[in-house]
Amino acid sequence: MYIYIYIHIYILCSIIILSAMSFSTNQYQMGFILGPAPTASLPPLHGWVVLKDDSTSIKCGDIVIRLHSEKEMSQRKVMRTYLDTNLLFLMLYFCFSSAVSSSLYSSSCQLKGHFHLNGMHKTGDVILGGIFLIHFFSADTDLSFTSEPQQSHCYGFDIIGFRQAQTMAFAIDEINRNSNLLPNVTLGYSLYDNCEKLRIGFRAALSLVSGQEEQVTLEENCVGTPPVVGIVGDSSSTRSIAISTVLGLYRVPLVSYFATCSCLSDRPKFPSFFRTIPSDDFQVNAMIQILKHFGWTWAGLLISDDDYGVHAARSFHSDLGPAGGGCLAYTEILPRGDNPAELRRIVDVMRKSTARVVIVFAHESHMINLMEEVARQNVTGLQWMASEAWTTGPSLQTPHLMPYLGGTLGIAIRRGEIPGLRDFLLQIRPELHHNNTDGNSLVNQFWEHTFQCRFAPPPAGWVEAGGELCTEQGVIENVETEFLDVSKLRLEYNVYKAVYALAYALDDMLQCEPGRGPFSNNTCAHLQRLEPWQIMHYLEKVNFTTTFGDRVSFDENGDALPIYDIMNWLWLPDGKTKVQNVGEVKRSAFKGEELTLDEDKIFWNFKSKQPPRSVCSESCPPGTRMVRKKGEPECCFDCVPCSEGKISNTTDSMECTSCPEDFWSSPQRDHCVPKKTEFLSYHEPLGICLTTTSLLGTFICVVVLGIFIHHHNTPIVRANNSELSFLLLVSLKLCFLCSLLFIGRPRLWTCQLRHAAFGISFVLCVSCILVKTMVVLAVFRASKPGGESSLKWFGAVQQRGTVLVLTSVQAAICTVWLVSASPVPHKNTQYHSDKIVYECVVGSTVGFAVLLGYIGLLAVLSCLLAFLARNLPDSFNEAKLITFSMLIFCAVWVAFVPAYISSPGKYADAVEVFAILASSFGLLVALFGPKCYIILLRPERNTKRAIMGRGIGS
């Protein structure tokens, strides 16, 4: 048994030491003295708190804790190292002493003293605790550790904090009068003042959970309800963190109405913490939504130097990024107290920054000093955004500061209505014979503050100085005070919801049916053996709707459904100030976060009466992309136009996207347009010229053919095989016509036919010329002795056969080419990125080369034979004309090859058409021009005698 007690005390000591170390990070020092029942070795001390041994309740037990007072901030900074070291040794010493003395088992624990706290109390079957900020200041106490610290004296009465405490009293009174909620159970309360100090708030929490019984007998079972089943409070995040750290060990519910730090949503660290005010995470998200709504992507952030500001800054930096659509130009920590040099530096940063929006996540006291410096430097043109800590702060709404703060947008705690509260406040009456030091003093202190009087016995010299004694005849309604102003209940509404949440949890617990309970063996909790952790089970599942229409429930982190009002500071023409509601932001289970703003009501403190622009860089329009500036936040960027072929069709695009293959970027680079198509068209000037020339050549061939047919019996037509002349004219006409296949958008059939028609037509033409040349040579060879036999090889049949064979070879070449690697149409994007050049791919370069090579071979052969026959005797020697025409033909096609290869797209087709037309016209004019001249203009030379050179002189 002794070993068990020793181990148990050792574990508890370790927990308390760790807690004390965690509090020291907030610059608060705690001393703990641990021990069982009073012993002779311990002097009588005040402030002992009894903690239970079984870690489930704090009613009965054997551990006694005492929390020492603290010095003010300046003294703590000097003595911090000394206090931390001595405190640690002090705790270790008494932990060891407790372990040793536990072996001398004692039958009871005795309360060694009381904390003297300002409070209000009401008895009941079940007690709810409350911690409120009712005084602003407390007097310093001695922390020399040479004598017992004196109890702190609080001063600076806060009438709003007292109204919040009275709201809790009113809610409990209303619940007691409600027969449908907690029937047959009367709620009571114990409310304490924390004087805005952690050490006092912590004493209040320990006093509430430990109770005030003078002695606890350990042999008795712990029966009955605990001193309190839950606590409403605290109003500060820092104090709530400290209190919840200890209360969480015993699962005592702490329901805060004003602690907003997002760190308190950490369930493993704060398992028994709940709150009826939204977390700062949601407040930050609400502010980010407002920033996004007005397009403010560039803002400054000012925070307070505490958990409230630091955790908010952390949320801003993580959430106001690429996903949030904004950046922070600067983040500055507002100094505690008056620090003119630091404030000047911060205001100078604000003045030099391009950010026009300033977010302040701090308390009203921080803002007062800051705004004095802003007014001194006359920094105007800023749009302020306020956190809920100072949105409704009256001390800033002065004519001196409104030229700078007018138009402020702020997040405010949800305003609610509490019917009957004002009447309840009017019924407050003091207790004339009540001693202000016995723990039930807040009402009397309120009365003294309101009526500027003192209760008997008054302080020395009070009456002599003209001071009045307090009576219960005072009428609160006759005093000008905001105590009775219930039109803007915000924190009071949160207090009201917190009390009802605890009441509904108790009601659900009492409605449990035996055998169907949520605890072990399906048991239910009972009022006679109630444990705080049992209340927690029902508090987590509470779900109700207030008379104002707001639903109250808690999520898995103990946070209530968040909702905030959005306020706007209106500067009226008469110099007065009005804080008006212009919207709300809330989160629902089905629609997520919703922002509602009435922009027509918002007052903007600018000449334009419009929202300001607050951006580091103007938005990049469509057709450009953002390129971040090196070393600058993400919101600072340059806008770079998209490159050719790429577009961006949205504002602030990070990347430009490539257009599809057949599309190209518009000149503005904001959308894709179909690429321009390029081919040798009938509608463009070049195509029209070539088409006209081709048709002209065809027409001339037809005319010449008609002339030859009409004069077919004349000697000049009949000379040198008129049949070949007719066939040559037909082939030349085909050559002119085949050029039309190269004009127009390439199709599969035109690509396949154009080169085949071109090759066969020209081979037919050149074959006819070749045969005519061979016939000329054969005729003159036959005119010589012994040459008669040569004519038998060049009869009409042989001539036709030769032309047919030579043409058939080209036809075979074309057939093999088309079958093996046929020319096909192709969309070429290599020449121009913004154009599609339609062209015919030859398919097989070898096939195309063989086709051209065969034509060239026949042309060269014809040219050589004609050259050999150029000096043959005859007044009309056609060999000369053939030689000249072949020279033109060969010259054109020799020049064609390099020109064709170097010409892109449609110009390659134009070069080929030009070569076809030029060579065709060369042959037509050279071969048939002189003959037509004689037939039409010199008919006297169109005789056999003239042709033979015997009848006509030169």
Side-chain angles (χ1 to χ4, degrees), residues 24-28 70-81 136-137 140 156 196-198 236-239 260-261 263 280 283-284 287 298-317 320 327-391 393-398 400-405 408 410 614 616 631-633:
S24 67
T25 62
N26 289 322
Q27 297 185 344
Y28 292 104
E70 63 175 351
K71 283 187 177 293
E72 291 299 317
M73 287 298 297
S74 59
Q75 294 172 322
R76 286 202 304 271
K77 290 178 180 177
V78 175
M79 298 184 64
R80 181 171 179 177
T81 304
F136 286 118
F137 310 104
D140 294 339
E196 205 176 11
K197 294 295 181 181
L198 172 61
S236 158
S237 293
T238 299
R239 292 191 294 270
T260 59
C261 181
C263 58
D280 281 338
Q283 185 174 185
V284 169
M287 289 185 168
W298 190 233
L301 177 64
L302 306 179
I303 62 170
S304 57
D305 188 15
D306 54 17
D307 294 311
Y308 177 69
V310 171
H311 284 87
R314 189 176 301 164
S315 297
F316 266 111
H317 281 279
L320 192 65
C327 300
L328 293 176
Y330 53 85
T331 301
E332 297 290 342
I333 300 177
L334 296 176
R336 294 177 181 266
D338 190 16
N339 189 337
E342 180 65 8
L343 288 173
R344 280 195 300 270
R345 186 193 67 80
I346 293 173
V347 174
D348 191 55
V349 170
M350 295 164 53
R351 181 171 51 81
K352 293 179 179 178
S353 174
T354 57
R356 296 294 87 199
V357 175
V358 181
I359 305 169
V360 184
F361 229 97
H363 304 284
E364 190 174 353
S365 58
H366 294 91
M367 280 298 296
I368 293 173
N369 295 329
L370 173 69
M371 291 312 301
E372 290 297 333
E373 182 62 28
V374 169
R376 193 188 68 79
Q377 296 192 28
N378 194 28
V379 181
T380 59
L382 296 178
Q383 175 63 48
W384 297 85
M385 288 188 66
S387 66
E388 37 57 55
W390 66 277
T391 293
S395 59
L396 296 169
Q397 300 168 26
T398 63
H400 174 56
L401 297 179
M402 282 307 292
Y404 310 97
L405 288 175
T408 295
S614 185
C616 181
E632 298 281 344

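We're numbering straight along the sequence, starting at 1.
A pairwise comparison of heavy atoms in Thr408 and Gln383 identifies CA-NE2, 3.9 Å as the closest pair. Among all heavy-atom pairs drawn from Arg356 and Arg351, the shortest one is NH2-O, 4.4 Å. Leu302 and Met350 make their closest contact through CD1-SD, 3.8 Å (heavy atoms, listed as atom of the first residue, atom of the second, distance). Residues Glu342 and Ile333 share a closest heavy-atom pair of OE2-O, 4.3 Å. Between Pro394 and Glu364, the shortest heavy-atom distance links the atoms N-OE2, 3.6 Å. The two residues Ser395 and Ile368 come nearest to each other via the heavy atoms OG-CD1, 3.5 Å.
Separation of atoms OG (Ser387) and CG (Asp280) is listed at 8.0 Å; rounding is to 0.5 Å. Summarising the geometry, atom CD belonging to Gln283 is positioned 3.5 Å from atom CZ belonging to Phe361; distances are rounded to the nearest 0.5 Å.
Listed by chain and number, the residues in a side-chain hydrogen bond (donor to acceptor under 3.5 Å, both in side chains) with Thr380 amount to none (sequence neighbours excluded). Listed by chain and residue number, nothing satisfies the ring pair (Phe, Tyr, Trp, His ring centres under 6.0 Å) test with His311 (two or more places apart in sequence, or in another chain). With sequence neighbours left out, the ring pair (Phe, Tyr, Trp, His ring centres under 6.0 Å) criterion links Trp298 to no other residue.
Ring geometry for Trp384 versus Trp390: interplanar angle over 60°, hence perpendicular rather than tilted (30 to 60°).
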